[in-house]
Participant: 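Below are the structure tokens for one structure; questions will follow.
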Amino acid sequence: MAKATPADLTIVPRDLRFGRGTQMRRWWLNDDPFATAFYNALSVTFPKGEGFFVDSVRNFREGTPPRLHGEIQAFIKQEVIHTREHVAFNRHVTDQGYDVTLLDQRIDAALALTKGRPPIASLAATMALEHFTAMLAHQLIANPRHLAGADEQAAALWRWHSSEEIEHKGVAYDTWLHATRDWPRRRRWTVKSLVMLGTTLKFFAGRYTGMLELLRQDGITGARAHRGILWYALGRPGMARKILGAWIAFFLPGFHPWNHDDRNLIALAESDYAAAIQPRAALAA
Ligand SMILES: [Fe+2]
Ligand SMILES: [Fe+2]
């Protein structure tokens, strides 16, 4: 039996800023070009990607029950602040000499494909990608190895973002459940599963090519680049390998993102990044 979003969950946007007035080293994550390339490539997708999530969910806000309506509002606020912070983070990336034009063009091309498609298709893609971000966020907080040796501000940004992704992981899913409430179960499952398969392929292909491009700019090409990416994803720290179980769970009957209650990780992340938060007064100075 599927569980639902916990009744006592409140989604609270934490309006924080990271890495202002600081410099980030080129290989900011443990001096590892592969690890750095993964997070850089991912971050480059966020401003436009999260804008797409926001629009896709907002399209279905009308007519939702009051609680979900409020959660959608909070989800939108969180994603908008994430975007602001990743724009700042991406500036650090380009300040280190990376040219992200090609990565940006690929995002534009991917988003152009969604234009003219029915809004429910965009909501389904968002629902699948939000499960993706929740899986990554869970790993990132639960396993300290992912951010070991990272620039302090960058690590804080990723932990903060991850904690909010966990907190709002049910919103796109609940919106999807509401929007498709009249669909027969079988159709719902088929669409959801096909969208997840397509989204997964695109996600991995997109990050893979993004990493290859950034690594090329580091002078790492050919077999060395491919080997390094595959080892990073499947070996150590093995993000792709570690999310496999949560990925499979998505296809099982009765799936709901909150079947797995990992709220403890929100508090853990908050205590991990607490020291790195820049007080507002200092920012204004
Ligand atoms: Fe986000
Ligand atoms: Fe999100």
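Count residues from 1 along the sequence. Counting starts at 1 for both ligands and their atoms, following the listed order.
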Participant: Name the one of W189, F132, F255 that satisfies ring pair (Phe, Tyr, Trp, His ring centres under 6.0 Å) with F250?
Facilitator: F255
Participant: Return the name of the atom in H161, of element N, O or S, nearest to the Fe ion (ligand 1).
Facilitator: NE2
Participant: When you measure from the centre of the six-membered ring of Y98, is the NZ or CZ of R26 closer than 6.0 Å and no more than 45° off the axis?
Facilitator: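 Yes; both conditions hold, so R26 lies above the ring face of Y98.
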Participant: If you leave out waters, which protein N, O or S atoms are less than 2.8 Å from the Fe ion (ligand 2)?
Facilitator: E79 OE2, E130 OE1, E130 OE2, E165 OE1, E165 OE2, H168 NE2
Participant: Is it true that the NZ or CZ of K169 lies under 6.0 Å from the centre of W258's six-membered ring and within 45 degrees of the ring axis?
Facilitator: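 K169 over W258 ring: yes.
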Participant: Does the Lys NZ or Arg CZ of R187 fall within the cation-pi geometry relative to W183 - under 6.0 Å from the ring centre and within 45° of the axis?
Facilitator: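 Ring-cation test returns yes.
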Participant: Return the orientation label for the H138 and H260 ring planes: parallel under 30°, perpendicular over 60°, tilted otherwise.
Facilitator: tilted
Participant: Does Q23 offer a backbone N or O that forms a donor-acceptor pair with the side chain of D95 under 3.5 Å?
Facilitator: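 Checked: no pair found.
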